[in-house]
Undergrad: 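If you scroll down you'll find the structure; I have some questions about it.
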Amino acid sequence: MAPQEGTPLPVRSMEVARILAEAGIAGQVRELAESTRTAAEAAEALGCDVGAIANSLVFLSDDEPVLVLTSGRHKVDTTALAARWGRGKLRRATPEQVRQATGQAIGGVAPVGHPQALPTVVDAALSDYPQLWAAAGTPRTVFPTTAGELLRLTAGLLLPVGP
(Lines give C-alpha, C1' and ligand atoms only; values in the text may rest on other atoms or scores of the structure.)
Protein backbone atom coordinates (compact mmCIF):
# COMPACT_ATOMS: atom_id res chain seq x y z
CA MET A 1 0.00 0.00 0.00
CA ALA A 2 2.75 2.42 -0.93
CA PRO A 3 1.44 5.97 -1.29
CA GLN A 4 3.03 8.28 -3.80
CA GLU A 5 4.86 10.56 -1.35
CA GLY A 6 5.46 14.22 -2.03
CA THR A 7 3.20 14.53 -5.06
CA PRO A 8 -0.02 16.52 -4.97
CA LEU A 9 -3.27 14.67 -5.45
CA PRO A 10 -4.91 14.76 -8.90
CA VAL A 11 -7.40 17.63 -9.33
CA ARG A 12 -10.46 15.34 -9.17
CA SER A 13 -9.17 13.76 -5.96
CA MET A 14 -8.47 17.17 -4.43
CA GLU A 15 -12.14 18.05 -5.02
CA VAL A 16 -13.23 14.80 -3.32
CA ALA A 17 -10.88 15.56 -0.38
CA ARG A 18 -12.39 19.05 -0.06
CA ILE A 19 -15.94 17.66 0.04
CA LEU A 20 -14.96 15.05 2.63
CA ALA A 21 -13.31 17.70 4.83
CA GLU A 22 -16.34 20.00 4.56
CA ALA A 23 -18.57 17.08 5.60
CA GLY A 24 -16.39 16.40 8.65
CA ILE A 25 -15.15 13.04 7.32
CA ALA A 26 -11.86 12.17 9.01
CA GLY A 27 -10.57 9.72 6.38
CA GLN A 28 -7.88 11.16 4.12
CA VAL A 29 -7.66 10.66 0.37
CA ARG A 30 -4.53 8.77 -0.54
CA GLU A 31 -2.92 7.95 -3.85
CA LEU A 32 -1.57 4.42 -4.24
CA ALA A 33 1.20 3.20 -6.51
CA GLU A 34 -0.96 0.21 -7.46
CA SER A 35 -4.14 0.43 -9.54
CA THR A 36 -7.44 0.27 -7.70
CA ARG A 37 -9.52 0.18 -10.89
CA THR A 38 -11.27 -3.08 -9.87
CA ALA A 39 -12.46 -4.21 -6.45
CA ALA A 40 -9.97 -7.10 -6.52
CA GLU A 41 -7.06 -4.75 -7.34
CA ALA A 42 -8.13 -2.31 -4.64
CA ALA A 43 -8.48 -5.04 -2.02
CA GLU A 44 -5.03 -6.41 -2.88
CA ALA A 45 -3.41 -2.95 -2.79
CA LEU A 46 -5.09 -2.09 0.53
CA GLY A 47 -4.75 -5.51 2.18
CA CYS A 48 -8.48 -5.80 2.92
CA ASP A 49 -11.39 -8.08 2.07
CA VAL A 50 -12.84 -7.45 -1.40
CA GLY A 51 -16.24 -6.94 0.27
CA ALA A 52 -14.89 -3.84 2.04
CA ILE A 53 -14.41 -2.08 -1.30
CA ALA A 54 -17.31 0.27 -2.04
CA ASN A 55 -17.64 0.24 -5.83
CA SER A 56 -19.30 3.31 -7.34
CA LEU A 57 -21.37 2.11 -10.29
CA VAL A 58 -23.44 4.37 -12.52
CA PHE A 59 -26.66 3.10 -14.05
CA LEU A 60 -29.38 4.78 -16.06
CA SER A 61 -32.98 4.57 -14.89
CA ASP A 62 -35.53 6.21 -17.19
CA ASP A 63 -32.52 7.98 -18.81
CA GLU A 64 -31.50 9.50 -15.45
CA PRO A 65 -28.04 8.63 -14.09
CA VAL A 66 -28.12 6.98 -10.67
CA LEU A 67 -25.29 5.81 -8.42
CA VAL A 68 -25.07 2.42 -6.74
CA LEU A 69 -22.38 1.98 -4.08
CA THR A 70 -21.96 -1.77 -3.90
CA SER A 71 -19.74 -4.14 -1.98
CA GLY A 72 -16.96 -5.61 -4.11
CA ARG A 73 -18.06 -9.08 -2.99
CA HIS A 74 -21.03 -9.33 -5.35
CA LYS A 75 -22.73 -8.01 -8.47
CA VAL A 76 -25.79 -5.79 -8.64
CA ASP A 77 -29.06 -7.56 -9.49
CA THR A 78 -30.53 -4.71 -11.53
CA THR A 79 -34.04 -6.17 -11.71
CA ALA A 80 -34.29 -6.80 -7.97
CA LEU A 81 -32.72 -3.44 -7.11
CA ALA A 82 -35.02 -1.48 -9.43
CA ALA A 83 -38.03 -3.13 -7.76
CA ARG A 84 -36.72 -2.44 -4.22
CA TRP A 85 -35.83 1.14 -5.13
CA GLY A 86 -39.14 1.78 -6.90
CA ARG A 87 -37.39 2.84 -10.12
CA GLY A 88 -37.66 1.90 -13.76
CA LYS A 89 -35.31 -0.63 -15.32
CA LEU A 90 -31.62 -0.10 -14.49
CA ARG A 91 -29.04 -0.41 -17.24
CA ARG A 92 -25.31 0.06 -16.94
CA ALA A 93 -24.07 3.45 -18.12
CA THR A 94 -21.45 3.59 -20.88
CA PRO A 95 -18.00 4.99 -20.03
CA GLU A 96 -19.00 8.25 -21.74
CA GLN A 97 -22.25 8.46 -19.76
CA VAL A 98 -20.34 7.79 -16.52
CA ARG A 99 -17.89 10.61 -17.25
CA GLN A 100 -20.72 12.97 -18.21
CA ALA A 101 -22.69 12.20 -15.02
CA THR A 102 -19.75 12.19 -12.60
CA GLY A 103 -16.85 14.04 -14.23
CA GLN A 104 -14.80 10.95 -13.38
CA ALA A 105 -13.66 7.86 -15.29
CA ILE A 106 -14.80 4.29 -14.68
CA GLY A 107 -12.51 2.65 -12.14
CA GLY A 108 -12.11 5.85 -10.16
CA VAL A 109 -15.64 7.15 -9.61
CA ALA A 110 -16.01 8.56 -6.12
CA PRO A 111 -19.30 8.66 -4.21
CA VAL A 112 -19.09 12.49 -4.31
CA GLY A 113 -17.56 15.28 -6.39
CA HIS A 114 -19.97 15.03 -9.31
CA PRO A 115 -21.34 18.03 -11.26
CA GLN A 116 -24.70 17.38 -9.54
CA ALA A 117 -25.81 14.97 -6.83
CA LEU A 118 -27.06 11.63 -8.16
CA PRO A 119 -29.84 9.54 -6.63
CA THR A 120 -27.84 6.94 -4.70
CA VAL A 121 -28.24 3.50 -3.15
CA VAL A 122 -25.71 2.22 -0.63
CA ASP A 123 -25.48 -1.58 -0.59
CA ALA A 124 -26.70 -2.97 2.75
CA ALA A 125 -23.79 -5.48 2.59
CA LEU A 126 -21.35 -2.60 3.14
CA SER A 127 -22.70 -2.34 6.71
CA ASP A 128 -20.95 -5.65 7.44
CA TYR A 129 -17.56 -3.91 7.45
CA PRO A 130 -16.32 -1.43 10.08
CA GLN A 131 -14.07 0.22 7.51
CA LEU A 132 -14.65 0.56 3.79
CA TRP A 133 -12.54 1.95 0.98
CA ALA A 134 -14.04 4.04 -1.82
CA ALA A 135 -12.50 5.54 -4.94
CA ALA A 136 -11.56 9.20 -4.74
CA GLY A 137 -11.94 10.38 -8.33
CA THR A 138 -9.16 8.45 -10.11
CA PRO A 139 -8.20 4.77 -10.52
CA ARG A 140 -5.32 5.18 -8.02
CA THR A 141 -6.93 7.28 -5.28
CA VAL A 142 -9.03 5.99 -2.39
CA PHE A 143 -10.32 7.05 1.01
CA PRO A 144 -11.41 5.13 4.11
CA THR A 145 -15.04 5.46 5.11
CA THR A 146 -18.04 3.65 6.59
CA ALA A 147 -21.50 2.75 5.31
CA GLY A 148 -22.96 5.43 7.61
CA GLU A 149 -20.64 8.08 6.18
CA LEU A 150 -21.54 7.06 2.62
CA LEU A 151 -25.24 7.36 3.43
CA ARG A 152 -24.72 10.81 4.94
CA LEU A 153 -22.42 12.03 2.13
CA THR A 154 -24.74 10.94 -0.67
CA ALA A 155 -28.15 11.26 1.01
CA GLY A 156 -28.53 7.69 -0.24
CA LEU A 157 -30.84 4.83 0.61
CA LEU A 158 -29.56 1.66 2.30
CA LEU A 159 -30.84 -1.30 0.26
CA PRO A 160 -29.68 -4.80 -0.64
CA VAL A 161 -28.36 -4.72 -4.21
CA GLY A 162 -27.84 -8.45 -4.74
CA PRO A 163 -30.45 -11.07 -5.59
Side-chain angles (χ1 to χ4, degrees), residues 1 12 16 19-20 23 25 27 29-30 32 34-114 116-163:
M1 183 169 86
R12 283 184 179 82
V16 170
I19 292 166
L20 296 175
I25 304 297
V29 172
R30 53 181 88 164
L32 304 177
E34 302 90 355
S35 172
T36 57
R37 187 174 296 276
T38 68
E41 287 176 350
E44 186 174 329
L46 293 161
C48 69
D49 188 280
V50 71
I53 302 300
N55 286 329
S56 297
L57 304 177
V58 178
F59 292 88
L60 296 178
S61 174
D62 299 321
D63 293 324
E64 177 188 19
V66 298
L67 183 65
V68 178
L69 303 177
T70 183
S71 169
R73 76 180 188 214
H74 59 241
K75 297 202 180 305
V76 175
D77 181 329
T78 55
T79 303
L81 178 58
R84 285 184 198 117
W85 199 357
R87 288 196 151 274
K89 183 179 178 180
L90 294 172
R91 64 181 167 83
R92 200 71 184 261
T94 67
E96 296 78 24
Q97 291 166 327
V98 171
R99 189 175 288 278
Q100 183 176 19
T102 67
Q104 302 162 357
I106 288 177
V109 174
V112 295
H114 313 143
Q116 64 185 32
L118 300 175
T120 301
V121 161
V122 175
D123 186 354
L126 291 170
S127 298
D128 294 345
Y129 300 90
Q131 183 178 56
L132 305 170
W133 292 92
T138 75
R140 292 191 189 276
T141 55
V142 295
F143 69 96
T145 189
T146 65
E149 286 179 345
L150 290 174
L151 285 165
R152 185 165 60 86
L153 279 168
T154 64
L157 293 170
L158 187 68
L159 291 173
V161 304

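Given the structure is predicted, the values throughout are model-derived calculations rather than measurements.
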Undergrad: Quick one: are Leu67 and Ser56 in side-chain contact, heavy atoms under 4.5 Å?
TA: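 Yes - at least one pair of side-chain heavy atoms lies under 4.5 Å apart.
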
Undergrad: Check for a donor-acceptor pair, side chain of Gln104 on one end and backbone N or O of Ala110 on the other, with a separation under 3.5 Å.
TA: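 Present.
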
Undergrad: If you round to the nearest 0.5 Å, how far is OH of Tyr129 from OG1 of Thr145?
TA: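 Taking OG1 in Thr145 and OH in Tyr129, the distance rounds to 15.5 Å.
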
Undergrad: How many angstroms lie between CD in Glu41 and CZ in Arg140, if you round to the nearest 0.5 Å?
TA: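 Going from CD on Glu41 over to CZ on Arg140, the span is 8.5 Å.
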
Undergrad: What's the spacing between Arg91 CZ and Asp62 CG if we round to 0.5 Å?
TA: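 Result: 10.0 Å between the selected atoms.
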
Undergrad: Does the side chain of Pro65 come within less than 4.5 Å of Gln97's, by heavy atoms?
TA: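 The answer is no, as the side chains (C-beta and beyond) never meet within the 4.5 Å cut-off.
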
Undergrad: If you compare all heavy atoms of Leu132 against all heavy atoms of Leu126, which two are closest, and at what distance to 0.1 Å?
TA: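 Minimum heavy-atom contact is CD2-O, 3.6 Å.
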
Undergrad: Taking the side chain as every heavy atom from C-beta outward, state whether Arg12 and Thr141 have any atom pair closer than 4.5 Å.
TA: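 No. Closest side-chain heavy atoms not under 4.5 Å.
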
Undergrad: Looking only at heavy atoms, what is the nearest atom pair of Ala125 and His74, with distance?
TA: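 Nearest heavy atoms, Ala125 then His74: CB-CE1, 3.6 Å.
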
Undergrad: Among Leu118, Val58, Leu81, Thr78, which one satisfies side chain to side chain contact (heavy atoms under 4.5 Å, CB included) with Val68?
TA: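 For Val68, the side chain to side chain contact (heavy atoms under 4.5 Å, CB included) check succeeds only for Leu81.
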
Undergrad: Might you confirm whether atom CD of Glu44 has over 12 heavy atoms from other residues, nucleotides or ligands at distances under 6.0 Å?
TA: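 No.
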
Undergrad: Are the charged groups of Arg73 and Asp123 less than 4.0 angstrom apart, N to O?
TA: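 No.
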
Undergrad: Can you tell if the side chain of Val66 reaches within under 4.5 Å of the side chain of Leu90, non-hydrogen atoms only?
TA: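 They are in contact (side-chain heavy atoms under 4.5 Å apart), so the answer is yes.
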
Undergrad: Heavy atoms only: give me the nearest Gln131-Pro144 pair and the separation to one decimal.
TA: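 Closest approach of Gln131 to Pro144: NE2-CB, 3.3 Å.
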
Undergrad: Does some side-chain heavy atom of Leu20 sit less than 4.5 Å from a side-chain heavy atom of Val29?
TA: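 Heavy-atom side-chain distance check passes, below 4.5 Å.
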
Undergrad: Looking at every heavy atom in both Gly72 and Ala39, which two are closest together, and how far apart are they?
TA: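 So the two residues come closest at CA-CB, 3.8 Å.
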
Undergrad: Within the 4.5 Å heavy-atom criterion, are Cys48 and Ile53 side-chain neighbours or not?
TA: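 SC-SC contact between Cys48 and Ile53 confirmed.
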
Undergrad: Going by atom type alone, with no hydrogens or angles, which donor-acceptor pairs under 3.5 Å involve a side-chain atom of residues 150-158 and a protein atom two or more places apart or on another chain?
TA:
unit_1, atom_1, unit_2, atom_2, d
Arg152, NH1, Ala23, O, 2.9
Arg152, NH2, Ala23, O, 3.4
Thr154, OG1, Leu150, O, 2.7
Thr154, OG1, Gly156, N, 3.2

Undergrad: Do Thr70 and Lys75 have side chains that approach each other closer than 4.5 Å (heavy atoms only, starting at C-beta)?
TA: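 Heavy-atom side-chain distance check fails, nothing below 4.5 Å.
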
Undergrad: List for me each residue that meets side-chain contact (heavy atoms from CB on, under 4.5 Å) alongside Ile106, sequence neighbours excluded, and say none if there are none.
TA: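 So Ile106 forms a side-chain contact (heavy atoms from CB on, under 4.5 Å) with Pro95, Val98.
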
Undergrad: When you compare the side chains of Ser61 and Glu64, does any donor N or O come within less than 3.5 Å of an acceptor on the partner?
TA: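 No, no side-chain donor-acceptor pair sits under 3.5 Å.
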
Undergrad: Begin from the C-alpha positions of Phe59 and Val76 and carry the test side-chain contact (heavy atoms from CB on, under 4.5 Å) through to its verdict.
TA: CA-CA 10 Å; Phe59 292 88; Val76 175; 4.1 Å; yes

Undergrad: So, for Ala45 and Leu32, which heavy atoms are closest and what is the spacing to 0.1 Å?
TA: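 Minimum heavy-atom contact is CB-CD1, 4.0 Å.
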
Undergrad: Please name the pair of heavy atoms, one in Gly162 and one in Ala80, separated by the smallest distance, quoted to 0.1 Å.
TA: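 Heavy atoms of Gly162 and Ala80 come nearest at O-CB, 4.1 Å.
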
Undergrad: To the nearest 0.5 Å, what is the distance between CH2 (Trp133) and CG (Leu46)?
TA: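 Result: 5.5 Å between the selected atoms.
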
Undergrad: Exactly one of Thr102, Leu69, Thr138 should register a side chain to side chain contact (heavy atoms under 4.5 Å, CB included) with Val109. Which one does?
TA: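 Testing Val109 for a side chain to side chain contact (heavy atoms under 4.5 Å, CB included) against Thr102, Leu69, Thr138 leaves exactly one candidate, Thr102.
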
